[in-house]
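Since the structure comes first, as structure tokens, the remarks are kept for the end.
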Amino acid sequence: MPEITLPDGSRKVFEKPVTIQEIAQSIGTGLAKATIAGKVNDVLFDATLPINHDAKVVIITSGDKEGIEIIRHSFAHLIGHAVKQLYPNIKMAIGPVIEEGFYYDIFSEYRFTPEDLIKIEERINKLIKTNYDVKILQVSKKEATKTFQERDETFKLRIIEDIPDEGLINLYKHEEYIDMCRGPHVPNTRHLRHFKLLKLSGSYWRGNSENESLQRIYGTAWAKEKELNDYLTRIEEAEKRDHRKLGKNHSLFYISEESPGMIFWQPNGWTIYQVLMNYIREILKKNDYQEIRTPQAVDKSLWEKSGHWDKFRDDMFTTSSENRTYAIKPMNCPCHVQVFNQGLKSYKDLPLRLAEFGSCHRNEPSGALHGLMRVRNFTQDDAHIFCTEEQIQDEVSTFIDLVFEVYKTFGFDEIIIKLSTRPEKRVGSDDIWDKSEKALTEALNNKDLKWELQPGEGAFYGPKIEFSLRDCLNRIWQCGTIQVDFSMPIRLDATYVDLNNEKRNPVMLHRAILGSFERFIGILIEQYEAKFPIWLAPTQIILLSITDRNIEKCKEFNQFLNIKGYRSKVDIRNEKVGYKIREATIGRIPLIGVIGDKEEEVDSVSLRALDGTDLGISNLPNLYKLIDELIKKKGRIE
RNA sequence: GCCCUUGUAGCUCAGCGGUAGAGCACUCCCUUGGUAAGGGAGAGGUCUCGGAUUCAAAUUCCGACGAGGGCACCA
């Protein structure tokens with residue numbers, strides 16, 4: 001006689017074990033029809049499984065977040081159902097739900113093409129329209145094993161091996177197709193309607209490139225057709241912000257076939273780069289950093305000492321001269337230790353902060369390259385803080401604030417923070433790792449920030465905090481970072497004299513705010529959709545002549561503006577003003593100045609903002625004032 | 001690096017066995033026009049590269065290189 005408590009507090013007693021479906025039916029037919037699954041004492045539960053004890057029950061429909069996830073998960077099974085009908089020899093591996101969709105990893109000798117994707121989608125459409133019931137079999141591990149042995153589903157068998165012996169395993173029967181899942185799943189395919197298979201990709205069994213290659217089919221699914229269409233439109237719109245597309249359209253940068261992964265900055269892009277660099281320079285000055293510059297190519301012996309040669313040899317570009325081998329530097333830290341080592345250092349010199357806009361080369365795998373986001377040559381806004389153990393906490397804390405201050409300037413509202421701890425392959429004792437990880441954890445916890453732990457993902461020399469941002473398609477890119485390193489100073493003999501006149505090794509903090517200029521500008525292009533605030537805009541103002549009579553005035557104003565240090569251009573072509581405005585607008589120039597006879601009479605210019613706002617007529621001193629104010633704001637919305 | 005896709009004028013793309021086409025941009029001419037496209041003419045490509053098939057290849061096949069989407073990697 002289970003007593004069921006519903007979310008509104010009402011209770012219902014049933015004569016015999018009852019399913020969520022039946023509970024919903026007892027409330028109303030409409031609800032019963034919409035029921036996808038439920039929660040029994042806060043645990044997700046299939047709609048058609050019996051509940052034989054008193055419980056709190058929540059009914060889940062497609063309107064719930066869990067509901068839509070269940071729908072997506074069930075669609076993954078439908079890939080299985082369809083694909084096995086079309087290609088009986090394949091083996092199903094794993095098919096989870098992801099953000100806004102699902103995928104299924106499949107082992108198949110035959111390689112799927114986009115045409116197959118269409119076929120599979122058609123087959124799924126056919127299957128869901130039959131509105132079949134999804135049946136649940138709860139079986140022992142032994143029975144499950146037998147089922148998948150008969151079906152030669154070797155990957156499912158491997159998954160079963162890792163499941164504990166006791167307890168039941170849920171098998172979901174989609175007609176002749178059987179899949180294994182923790183569930184729950186929809187009770188009938190009539191809940192599955194609005195989906196689209198999106199893309200095909202390779203993957204590896206258990207995410208390990210040593211294992212079998214699998215083929216992954218990605219899809220998305222939604223409760224309503226409108227939601228599906230909105231999602232697809234959203235992706236389309238987001239693609240328009242792609243920094244590679246905008247970079248080309250606005251002549252910011254390009255990448256040539258001869259140097260994959262390396263950036264040719266055009267005048268427009270380089271302007272942004274320099275403004276950004278000067279902004280960081282100001283920040284460094286205010287925060288007591290000293291800028292240095294170190295060589296591009298350094299003898300391999302230094303990299304052997306630092307440990308990089310051992311671990312990253314294949315990922316470094318090398319060159320040789322006479323009898324020596326050099327590595328084109330993949331990082332700046334060993335060089336910074338060299339600079340630190342010049343002259344004897346006292347504890348009074350610490351913390352010593354050495355910064356460099358360091359150009360690094362890393363031979364990234366070809367498949368990893370991605371516009372400005374992942375390149376083979378990048379410039380870090382790098383710095384190394386040499387300090388004592390006692391100073392770590394403060395330095396890390398100050399740095400986190402600094403990152404937030406800088407990111408705020410660009411209006412990032414979502415900064416993803418992750419703490420990565422000791423990897424398997426590492427240098428340094430466990431005692432040192434304990435201390436380093438503790439320092440970072442405490443710095444984060446003292447700030448009341450949301451952060452995520454990534455065990456085993458730290459650098460080989462120390463743990464790190466990463467600050468990541470999302471691009472237009474929600475892909476996450478690490479930008480800022482701070483890493484604690486007790487090892488490098490020891491390996492490279494960095495020392496200072498302490499209060500007791502004894503030599504000690506300093507601790508080294510590796511840190512970057514933007515990460516690399518390339519990646520950060522890539523993110524910025526997408527963030528602003530290339531509509532840069534005036535302090536960053538490659539061209540800040542363009543002066544348009546209305547007739548040829550106004551050409552000289554345009555040129556004169558332009559010269560004054562440029563001498564004053566603003567980035568001004570003219571458009572004195574023989575075109576109508578509407579045409580020039582259109583071009584300047586498409587060119588994303590923040591301020592447009594129009595000069596006709598009327599303006600010339602009063603030695604002024606008519607101003608228009610990028611969004612079309614009329615800013616009135618202004619003489620030069622007022623124009624300077626206006627631009628100065630806009631620059632000062634740096635596009636911050638406050 | 002792995003799997004799928006892909007590489008034609010500066011850009012976006014069409015052509016998919018009979019030695020190249022559009023729109024925009026560019027140059028010149030007419031037009032001197034007041035806040036998102038005035039009109040006309042012209043120039044521009046050994047169709048990424050290397051092989052193979054064929055009387056004939058941008059078009060089919062193989063390979064290399066680059067690019068796109070994922071996966072793996074990311075000091």
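Quick caveat: nothing in here was measured; it's all calculated off a predicted structure. All chains are named by letter (A, B, ...) in the order of the sequence lines, taking the proteins before the strands, and each is independently numbered beginning at 1.
Comparing B:G70 with B:U53, their C1' atoms are spaced 35 Å from each other, to the whole Å.
For A:R470 and A:E526, the salt-bridge test fails: no basic side-chain N is under 4.0 Å from an acidic carboxylate O. Between A:R234 and A:E100, at least one side-chain N (NZ, or NE/NH1/NH2) sits under 4.0 Å from a carboxylate O, which counts as a salt bridge. Using a 4.0 Å cut-off between charged side-chain N and carboxylate O, A:R216 and A:D105 make a salt bridge.
Here ring pair (Phe, Tyr, Trp, His ring centres under 6.0 Å) pairs that include residues 354-381 of chain A, with residues two or more places apart or in two chains, are A:F357-A:F517, A:H370-A:W477.
Nucleotide B:G45: unpaired (no Watson-Crick or G-U wobble partner with both distances less than 3.5 Å). Across all strands shown, nothing is found opposite B:U35 as a Watson-Crick or G-U wobble partner with both distances under 3.5 Å. Checking B:A52 for Watson-Crick or G-U wobble geometry (two distances, each under 3.5 Å) identifies B:U60 as its partner. Base pairing of B:C24 is made with B:G10, judged by Watson-Crick or G-U wobble geometry with both donor-acceptor distances under 3.5 Å. Across all strands shown, B:U19 forms no Watson-Crick or G-U wobble pair with both distances under 3.5 Å. Across every strand in view, B:C71 sits in a pair with B:G1 that passes the Watson-Crick or G-U test at under 3.5 angstrom.
Less than 4.0 Å separates RNA chain B from at least one heavy atom of each of the following residues of residues 105-114 of chain A: A:R111, A:F112, A:T113, A:P114. Of the residues in residues 596-610 of chain A, A:G596, A:D597, A:K598, A:E599, A:S606, A:R608 come within less than 4.0 Å of RNA chain B through at least one heavy atom, sorted by number.
As rounded to whole Å, 12 Å separates atom C1' of B:C4 from atom CD1 of A:I120. As rounded to whole Å, 15 Å separates atom C1' of B:G69 from atom CE of A:M373. Atom CZ of A:R573 and atom C1' of B:G33 are 14 Å apart (whole Å).
For a distance-only test at 3.5 Å, the side chain of A:R519 fails to qualify as a donor-acceptor partner of the base of B:C74.
Under the 4.5 Å side-chain criterion, counting only non-hydrogen atoms from C-beta, A:L524 is not in contact with A:H243. Contact of the A:P463 side chain with the A:S436 side chain is registered, since non-hydrogen atoms from C-beta on lie closer than 4.5 Å.
A:R244 has a side-chain polar atom (N or O) that falls below the 4.0 Å cut-off from OP1 or OP2 of B:G69. Listed pair A:S366 / B:G1 meets the phosphate criterion, a side-chain N or O lying under 4.0 Å from OP1 or OP2. Within the 4.0 Å cut-off from OP1 or OP2 of B:U12, not a single side-chain nitrogen or oxygen of A:K245 is found.
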* To do: List the steps, then state whether side-chain contact (heavy atoms from CB on, under 4.5 Å) holds for A:W205 with A:R158.
  => CA-CA 11 Å; A:W205 170 244; A:R158 290 192 214 170; 3.0 Å; yes
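Base engagement by A:S201 is indicated by at least one non-hydrogen atom pair under 4.0 Å involving a base atom. A:V594 comes within 4.0 angstrom of a base, heavy atoms only. A:G578 comes within 4.0 angstrom of sugar-phosphate atoms only, judged by non-hydrogen atoms across all strands, and of no base.
Checking A:S213 against A:P260, the closest nucleotide of RNA chain B that is more toward the 5' end is the one next to A:S213. In terms of position on RNA chain B, the residue among A:R549 and A:D315 whose nearest nucleotide sits closer to the 5' end is A:R549.
In this structure, A:Y579 does not pack face-to-face on the six-membered ring of B:A37, missing the 5.5 Å centre cutoff or the 30° plane limit.
Contact record, A:P489 with A:M508: CG-CB, 3.7 Å, taken as the closest heavy-atom pair.
Under the side chain to side chain donor-acceptor pair (under 3.5 Å) test applied with A:S420, the options A:Q483, A:Q454, A:Q478 reduce to a single match, A:Q454.
Neither side chain, A:Q215 nor A:S203, offers a donor N or O lying under 3.5 Å from an acceptor on the other.
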